[in-house]
Amino acid sequence: MPLDPKAVFPLTESEISKASGVVLDHLKIEPSSDDLLDKIRFVAVSLAEPSRTAVLAGKETRRQAEIVTIDPRTGLATEMVVDLDSAKVASSTVLPKGKQPMYTPDDCDLAEAIVQKDPKVAMLLKERYGIEDMSRVACDPWSVHLASDADRDELVGYDKESSVAARLVQTFLYYRQDGVGMEDNHYAHPIDLLPVVDLNAKKVITIGGADRPAPKIPKASVNYHRNLVSANSYLESTWRSDTMAALNVVQPDGPSFKVDAETNTVNWQKWTFKVGFNYREGLVLHDVSFDGRPVLARAALVEMAVPYADPHPPFQRKCAFDVGDYGLGYCANSLELGCDCLGHIHYFDAVLPGANGKPTVKKAAVCMHEEDVGILWKHVEYRNGHNESRRSRELVLSSIATVVNYEYLFYWRLKCDGTIDFEIKLSGELSTNLLSEGEEVPSHGVMVAPGVNAQIHQHMFCARLDFCVDGFDNKISEYNIVREPVSPQNPYGNAFGAVETVLETESKAIRTADQAQARFWKVSSCSKKNPINGKPTAYKLVPFTKGPAQPVLMVDDSCEVAKKGAFATQNLWVTPYAEDERFPAGNYTPQGDGQVGLPAWTAKNRNLVGPREGLVVWHAFGVLHVPRLEDFPVMPCEMTGFSIKPDNFFSGNPAIDLPPEKNAASKLAAGCNGCAK
């Protein structure tokens with residue numbers, strides 16, 4: 001783990017400014033030039049985290065920034081490392097032609113602006129629908145999933161004369177029918193045209209859908225915005241009358257956690273960890289330990305694959321890799337006190353770069369607070385009625401990302417018994433479309449409003465968990481609950497038990513969940529033993545403890561999504577730590593071909609028993625979403641997630657030392673005749 005307490009502290013405003021300034025000076029680009037963004041666009045300016053190899057070797061680590069830029073004149077992206085102490089470029093690598101880094105918020109704004117200013121798009125909208133006000137046309141920017149060689153030839157190779165690689169964004173169009181500004185739920189009014197933009201050329205290169213007769217844009221008002229609910233065509237148009245009484249989270253003594261603002265180190269109920277944040281993964285937990293004993297060196301959500309199941313053109317190209325394509329940090333909300341977070345709150349701000357390299361502060365990007373979640377443990381001695389009960393308090397770290405239409409709500413929950421839950425809630429709006437030509441009922445979706453189709457799709461997530469259970473010398477095993485056959489040793493047929501299989505190599509550790517066998521995976525120390533039973537100290541990964549169990553990636557093996565998103569075809573992958581193996585679908589997902597990532601790494605079939613620098617567990621899980629009418633116009637939260645639980649880590653229940661307490665602020669409701677006191 002890092003020796004310097006500040007080693008994983010995110011880059012500050014001054015550090016981002018310094019790093020981008022060093023890059024501009026290195027490239028001899030004037031920072032104040034009017035055409036700066038025609039010469040360079042900063043994609044990322046982020047902390048280069050210290051090398052674990054160097055840290056474990058006791059070597060000095062330096063404060064460095066990793067930077068990704070793109071030159072629109074050549075279409076080439078460059079990776080750089082800037083040493084912040086010496087203010088020099090430590091390394092610079094130009095990526096191969098066509099390798100595309102993620103789309104920043106500035107890129108997405110640029111794509112929409114290009115479409116809204118395009119004369120052919122304007123002409124088609126006027127001719128087909130009578131739309132003349134382009135400010136009422138929403139252009140949702142999506143990465144272009146290249147579903148075939150024909151897509152690559154038609155789109156990436158659209159300009160045979162140009163030496164500049166195309167940087168593609170497709171924009172799904174919608175009409176803002178009601179209200180002012182951006183109030184209207186435009187997903188109730190999809191338009192069938194699909195412009196594709198080349199960001200480097202700053203132009204629309206093709207417009208899908210223009211060759212079919214213009215269908216009617218649905219007109220029904222289906223709104224959730226507080227200013228437009230009253231205009232709804234068929235949903236509720238007034239607020240419900242039986243409003244709820246106030247429910248306040250009050251902590252008269254303040255919160256129980258402590259934060260060192262210099263290092264982002266948090267201490268709470270024997271837990272200690274550091275809070276990190278970056279443009280791509282968003283919230284990251286570092287150096288997580290319980291009562292001084294290490295559990296995780298690092299934990300973050302590192303990738304998503306969101307394929308849509310409609311084969312009708314152009315929807316074969318509708319699939320986003322939200323982490324690699326857009327960045328959860330870039331998409332993070334500024335959270336609101338009393339709305340997104342209740343109670344006594346500690347917020348962590350995030351500092352992110354713009355396309356010009358200048359830093360901006362995203363206030364309240366991460367929320368930390370405590371929650372009471374019911375009873376942690378309880379027993380009543382039935383013979384005399386004596387009750388021993390302890391409330392379950394959790395420390396919750398949350399961040400919410402809006403990726404175009406969807407909201408992803410991420411929660412790390414640390415518990416008093418040494419358990420960590422990772423919970424994802426999905427909300428926001430469905431990405432809608434008109435019915436395909438010739439359809440009266442959608443064949444691969446659900447009609448969620450008159451004339452509005454919401455396609456069946458999946459959200460496949462991948463969490464990266466760098467385990468460090470009592471140190472880095474760990475191994476991983478799979479446990480299945482197996483029924484024992486009737487035999488002389490099991491004459492009554494009632495025996496069943498857990499069977500352990502050590503996953504010794506990477507190939508053996510490519511696994512799927514199996515609820516029928518209550519399957520879980522355990523990361524154990526190779527050197528530390530529990531003093532009670534003599535077994536290795538361990539933590540286990542239990543899948544789908546939040547929400548229902550769900551399948552792995554549902555697309556066919558031949559599908560390009562399955563190649564690029566191979567991580568989602570299994571629930572478990574395990575690798576020995578390697579500094580350059582960071583993201584399961586590779587560093588650059590836009591227009592990618594699936595040649596890099598977990599399948600390539602695990603093909604080495606490396607040893608997984610006690611590697612010096614630790615194990616990295618890649619856990620894929622998700623939600624298969626068959627939309628409901630009730631998911632529109634805005635979706636009640638769906639949920640998924642997993643738990644990391646101590647197993648032989650302690651000598652018994654680690655929360656046995658919680659003192660008894662009775663909440664004196666709790667009251668009987670009016671009219672209650674019960675005898676509780």
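The basis for the numbers below is simple: all heavy atoms, side chains too, and nothing from hydrogens, waters or symmetry mates.
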Do [X] and [Y] meet the cation-pi criteria used here (NZ or CZ under 6.0 Å from the six-membered ring centre, within 45° of the axis)?
| X | Y | result |
| --- | --- | --- |
| Arg293 | Phe649 | yes |
| Lys270 | Phe290 | no |
| Lys425 | Tyr411 | yes |

Is there a donor-acceptor contact under 3.5 Å linking the side chains of [X] and [Y]?
| X | Y | answer |
| --- | --- | --- |
| Glu579 | Ser51 | yes |
| Asn384 | Glu381 | no |
| Glu370 | Ser256 | yes |
| Thr419 | Asp417 | yes |
| Asn605 | Thr505 | yes |
| Glu478 | Asn480 | yes |
| Asp473 | Ser527 | yes |

Would you check if [X] and [Y] make a side-chain contact, meaning some heavy-atom pair closer than 4.5 Å?
| X | Y | answer |
| --- | --- | --- |
| Trp271 | Asp291 | no |
| Leu11 | Arg63 | yes |
| Thr272 | Val266 | no |
| Met304 | Tyr408 | yes |
| Leu615 | Tyr577 | no |
| Phe42 | Thr104 | no |
| Asp287 | Phe273 | no |
| Val523 | Leu465 | no |

Task: Single hit among Ile532, Asn530, Thr537 for side-chain contact (heavy atoms from CB on, under 4.5 Å) with Asn648 - done: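 By the side-chain contact (heavy atoms from CB on, under 4.5 Å) criterion, Asn648 pairs with just one of Ile532, Asn530, Thr537: Asn530.
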TODO: Determine, step by step, whether Val295 and Tyr539 satisfy the side chain to side chain contact (heavy atoms under 4.5 Å, CB included) criterion, reporting the C-alpha distance in whole Å, the side-chain angles of both residues, the deciding distance to 0.1 Å, and the verdict.
DONE: CA-CA 8 Å; Val295 177; Tyr539 259 74; 3.8 Å; yes
From [X] [atom1] over to [Y] [atom2], what is the distance, rounded to the nearest 0.5 angstrom?
| X | Y | atom1 | atom2 | value |
| --- | --- | --- | --- | --- |
| Glu504 | Ile476 | CD | CD1 | 12.5 Å |
| Phe583 | Arg464 | CZ | CZ | 8.0 Å |
| Leu376 | Ser392 | CG | OG | 4.5 Å |
| Ile656 | Cys416 | CD1 | SG | 12.5 Å |
| Ser477 | Glu500 | OG | CD | 3.5 Å |
| Arg62 | Asp83 | CZ | CG | 4.0 Å |

Is the number of heavy atoms from other residues, nucleotides or ligands under 6.0 Å of [X] [atom1] greater than 12?
| X | atom1 | result |
| --- | --- | --- |
| Lys88 | NZ | no |
| Glu336 | CD | no |
| Lys415 | NZ | yes |
| Gln515 | CD | yes |

- [ ] Measure up the Trp601 and Trp618 rings against each other and bin them: parallel (under 30°), tilted (30 to 60°), perpendicular (over 60°).
- [x]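 It falls in the tilted class, 30° to 60°.
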Output yes when a side-chain donor or acceptor of [X] lies under 3.5 Å from a complementary backbone atom of [Y], and no otherwise.
| X | Y | value |
| --- | --- | --- |
| Glu303 | Gly324 | yes |
| Thr360 | Leu352 | yes |
| Ser289 | Gly292 | no |
| Asp466 | Val616 | no |
| Asp340 | Leu337 | no |
| Asn533 | Lys535 | yes |
| Lys362 | Ala332 | yes |
| Trp573 | Thr602 | no |

- [ ] Report the C-alpha separation of Lys546 and Thr640 in whole Å, then their side-chain angles, then the decisive distance to 0.1 Å, and conclude whether the side chain to side chain contact (heavy atoms under 4.5 Å, CB included) test is met.
- [x] CA-CA 5 Å; Lys546 302 289 183 179; Thr640 189; 5.7 Å; no
Task: Intermediate values then yes/no, side chain to side chain contact (heavy atoms under 4.5 Å, CB included), Val302 and Val323 - done: CA-CA 7 Å; Val302 289; Val323 179; 5.5 Å; no
TODO: May I ask you to check whether Tyr406 and His459 place their ring centres under 6.0 Å from each other?
DONE: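 Between His459 and Tyr406, the centre distance is under 6.0 Å.
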Open item on the list: Would you say the ring centers of Phe621 and Phe642 fall short of 6.0 Å from each other?
Closed with: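 When the ring centroids of Phe621 and Phe642 are compared, they turn out to be within the sub-6.0 Å range.
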- [ ] Could you list the residues that satisfy salt bridge (charged side-chain N to carboxylate O under 4.0 Å, His left out) with Lys529, not counting sequence neighbours?
- [x]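 Checked Lys529 against salt bridge (charged side-chain N to carboxylate O under 4.0 Å, His left out); zero matches.
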Open item on the list: Going by the rule salt bridge (charged side-chain N to carboxylate O under 4.0 Å, His left out), which residues pair with Glu371 if we only count those two or more places apart in sequence or in a different chain?
Closed with: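 Here the qualifying residues are Arg413.
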Task: Within residues 597-623 or reaching into it, pairs that qualify as salt bridge (Lys or Arg N to Asp or Glu O under 4.0 Å) - sequence neighbours excluded - done: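 Qualifying pairs, neighbours excluded: Glu506-Arg606, Glu581-Lys604, Glu581-Arg606.
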Task: Which atom of Phe9 lies closest to which atom of Ala261, heavy atoms considered - done: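 Heavy atoms of Phe9 and Ala261 come nearest at CE1-O, 3.6 Å.
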Open item on the list: If you compare all heavy atoms of Pro611 against all heavy atoms of Asn474, which two are closest, and at what distance to 0.1 Å?
Closed with: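 Reported closest heavy-atom pair: CD-O, 3.6 Å.
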Residues 277-286 side chain polar contacts: donor-acceptor under 3.5 Å, at least two apart:
| from | atom 1 | to | atom 2 | distance (Å) |
| --- | --- | --- | --- | --- |
| Asn278 | OD1 | Arg280 | N | 2.9 |
| Asn278 | OD1 | Glu281 | N | 2.7 |
| Asn278 | ND2 | Glu281 | OE1 | 2.7 |
| Arg280 | NH1 | Asn587 | O | 2.5 |
| Arg280 | NH2 | Gly586 | O | 3.2 |
| Arg280 | NH2 | Asn587 | O | 3.3 |
| Glu281 | OE1 | Arg298 | NH2 | 2.9 |
| Glu281 | OE2 | Arg298 | NH1 | 2.9 |

Task: side chain to side chain contact (heavy atoms under 4.5 Å, CB included) assessment of Lys378 paired with Asn387 - done: CA-CA 7 Å; Lys378 176 184 175 72; Asn387 172 47; 2.8 Å; yes
TODO: Name all residues meeting the side-chain hydrogen bond (donor to acceptor under 3.5 Å, both in side chains) criterion together with Asn333; count only those two or more places apart in sequence or in a different chain, and write none if there are none.
DONE: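 Only Thr402 meet the side-chain hydrogen bond (donor to acceptor under 3.5 Å, both in side chains) criterion with Asn333.
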TODO: Not counting sequence neighbours, list each pair that qualifies as a side-chain hydrogen bond (donor to acceptor under 3.5 Å, both in side chains) and has a residue in residues 341-351.
DONE: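 Checked against side-chain hydrogen bond (donor to acceptor under 3.5 Å, both in side chains) - neighbours excluded - the pairs reaching residues 341-351 are Asp349-Lys363.
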